[in-house]
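In what follows, a single structure is set out as structure tokens and then discussed.
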Amino acid sequence: MTQSLKALSRRSFLLSAGATGIVAGSGLPLPFYARAAERPLFTHGVQSGDVDVSSGMIWGRVDRPSRIFMEYATNESFSNAVKLAPLDALPESDFAVKRLLTELPSDQDIFYRFVAADLSSINTLSEPVTGRFRTAPASKRSVRFAWSGDTAGQGWGIDETGMKTYSTMAKHQPDFFIHSGDTIYADGAMKDEVALSDGSLWKNTVLIDEKRKVAETLAEYRGQWKYNMLDSHVRDFNAVCPTFFQWDDHEVVNNWSASKDLTSDDRYTEKSVALLTARAARAFHEMAPIRYTPAEPGRVYRKIAYGPLVDVFFIDLRSYRGANHDSMETELSPEARIMGVEQVNWLKRELAASKATWKVIACDMPIGVIVWDDFKNSKGAEAIAQGDNGPAKGRELEIADLLRYIKTAGITNTVWLTADVHYTAAHYYNPDKAQFQDYEPFWEFVSGPLHAGTFGPNDLDMTFGPELKFVKGPTEEQGQNLPPSMGLQFFGLVDIDGQSEQLTVRLMDRDDNELYTVTLDPVRSA
């Protein structure tokens with residue numbers, strides 16, 4: 001653990017404790033302390049996620065078939081621990097396990113602990129691993145959370161400094177973190193060294209075989225996730241802050257949709273994007289502490305209610321879209337959609353039913369930023385905007401319908417958070433400046449990358465009238481795909497005050513410089 005995290009009194013936790021307590025009453029004899037090499041090993045730390053008022057997900061992974069004993073407590077001494085039925089970690093899940101803790105007290109620090117028993121030698125136990133999170137409040141207390149996206153992209157992996165942005169975020173002690181997508185770069189092979197423009201070398205000091213090529217097999221997709229957790233900043237952060245994950249394209253392959261064609265891409269021996277997507281989705285759900293939705297087991301869109309001040313709505317612009325194309329339809333056909341009918345209807349229902357002061361829409365791509373499918377030739381829509389600055393067309397039709405509904409239904413205090421474009425910005429959507437005007441003004445904040453190449457800034461499409469209030473990215477002189485060592489790595493912080501209910505957004509860089517801040521007053525119900 002880094003020294004900065006050790007110093008956090010609120011987020012301090014037990015890294016080691018006797019395994020005797022967790023196995024007492026489990027039916028196991030007292031622990032057999034074998035040599036370290038003979039014991040099961042937790043390989044990638046612990047994670048938590050999708051925490052609400054009374055529940056939260058926890059995750060861990062071991063190096064062999066094991067029975068995982070779990071307990072949780074409301075104090076770091078585990079004196080009041082609740083022991084849970086064990087789970088078996090088997091090769092079918094790459095030895096990863098996760099579970100939902102339920103019936104937790106609200107607004108409470110929850111400490112959780114895992115011990116692994118080797119299934120081939122059941123009395124041989126691992127050292128325990130421990131993490132913590134805080135449940136959401138049932139009353140109006142101040143809430144802080146962070147968001148960003150884009151980890152380990154464009155060949156920039158774990159160097160001597162490591163993924164520093166995670167430690168910078170941890171200093172702010174957020175209640176939770178929204179990872180807005182591009183959680184891995186399964187299509188971004190890495191090299192040991194990269195020559196930089198100033199003549200120096202970027203060295204990926206940690207590299208595994210799965211990162212030396214594009215991911216195609218299930219094992220390779222799993223390896224992309226495990227690589228990120230080899231970074232000490234990431235592991236330390238995961239142990240003290242729950243992450244709410246969503247995905248975008250690089251979890252599978254760049255800009256994937258039904259029109260993606262790998263025929264001429266010599267990096268891939270597997271040409272079926274559908275098969276690659278299935279493998280990637282399985283790895284995503286195995287390696288991330290995301291909740292399981294029985295109605296649609298692979299679903300990523302969901303709502304997390306974090307107390308009376310904020311509901312977070314995670315949407316998925318990747319899984320239900322029509323094929324990437326010019327997006328110039330004038331009617332909302334299946335080909336024009338980017339969210340899909342079921343997801344849009346779900347979002348409308350949940351927004352209308354929300355009693356939270358703030359409704360945060362966590363989106364994996366921005367609304368008005370132009371992202372080309374064919375970047376070289378500036379053609380085709382990869383995101384929502386298609387770049388014609390005119391009335392809503394193509395994928396914009398679905399967003400126009402949603403924004404109109406939010407206005408008509410009287411839904412207030414919506415804020416959009418996103419990443420994807422590898423720079424940071426603040427956009428105020430003003431109907432007075434827009435071609436489509438039937439909506440109430442709102443803010444969209446962009447942040448990222450966490451640890452990837454810095455790009456942009458991109459042009460804005462004026463269909464929905466975005467006003468650029470702030471932007472930070474590479475200068476023309478600096479060029480594109482800047483390494484993390486240049487410092488242009490970004491995250492956002494959101495503070496909601498428990499008394500005034502004001503929402504303050506700060507855009508930050510990895511050196512903890514505050515770049516931009518704005519405070520929004522909530523609209524009060526009549």
Side-chain angles (χ1 to χ4, degrees), residues 4 142-151 153-154 156 161-182 233 237 241 358 360-371 415-430 441-460 466-497 502-521:
S4 62
S142 296
V143 172
R144 171 178 291 174
F145 63 92
W147 94 93
S148 187
D150 319 308
T151 302
Q154 291 73 50
W156 311 115
T161 300
M163 299 185 187
K164 177 184 174 182
T165 310
Y166 282 87
S167 288
T168 306
M169 291 191 298
K171 293 176 184 178
H172 294 275
Q173 302 177 25
D175 290 298
F176 59 89
F177 168 59
I178 297 172
H179 199 308
S180 301
D182 294 339
H233 302 288
F237 183 80
C241 181
W358 292 97
V360 170
I361 301 174
C363 190
D364 46 302
M365 304 191 83
I367 296 172
V369 176
I370 302 170
V371 184
V415 174
W416 293 65
L417 302 180
T418 188
D420 182 63
V421 288
H422 295 234
Y423 64 89
T424 191
H427 302 141
Y428 179 70
Y429 285 80
N430 184 350
F442 66 94
W443 285 83
E444 173 190 66
F445 299 96
V446 182
S447 204
L450 281 160
H451 190 84
T454 312
F455 291 88
N458 294 21
D459 293 332
L460 293 175
E467 295 180 1
L468 182 62
K469 297 297 187 180
F470 175 81
V471 66
K472 176 96 175 185
T475 64
E476 187 174 345
E477 293 74 24
Q478 289 174 314
Q480 300 290 292
N481 194 17
L482 303 185
S485 53
M486 292 288 289
L488 296 178
Q489 308 288 292
F490 306 110
F491 66 97
L493 287 171
V494 178
D495 283 285
I496 305 176
D497 184 79
Q502 290 177 318
L503 182 146
T504 299
V505 177
R506 289 180 283 162
L507 301 180
M508 313 289 294
D509 68 17
R510 85 168 188 166
D511 293 323
D512 213 23
N513 297 304
E514 184 176 306
L515 307 174
Y516 176 80
T517 184
V518 62
T519 296
L520 309 181
D521 293 319

Could you tell me the separation between the CH2 atom of W156 and the CG atom of L482, rounded to the nearest 0.5 Å?
8.5 Å
State the CG-CE distance between L515 and M508, to the nearest 0.5 angstrom.
7.0 Å
Ignoring hydrogens and angles, state whether a donor on the side chain of N481 or Q154 is under 3.5 Å from an acceptor on the partner side chain.
no
Going by the side-chain hydrogen bond (donor to acceptor under 3.5 Å, both in side chains) test, name the single residue among D497, T517, T519 that passes it with T504.
T519
K472 NZ: over 12 foreign heavy atoms closer than 6.0 Å
no
Determine the sole option in F491, F145, F237 for which the ring-ring contact (aromatic ring centres under 6.0 Å, His included) test with F177 is passed.
F237
As an exercise, state the distance from OG1 of T168 to CG of D512, rounded to the nearest 0.5 Å.
5.5 Å
Supply the atom-to-atom distance D150 CG to S447 OG, rounded to the nearest 0.5 angstrom.
9.0 Å
Taking L507 as the fixed residue, which of T424, V518, N513 is the one that meets the side-chain contact (heavy atoms from CB on, under 4.5 Å) rule?
T424
Quick check on the 6.0 Å ring-centre criterion: do F455 and H422 meet it?
yes
Side chains of D420 and S180: does their closest heavy-atom pair fall under 4.5 Å?
no
Pairing of R144 and D495 as salt bridge, 4.0 angstrom limit
yes
In a check of ring-ring contact (aromatic ring centres under 6.0 Å, His included) between Y428 and each of F470, W443, F445, which one passes?
W443
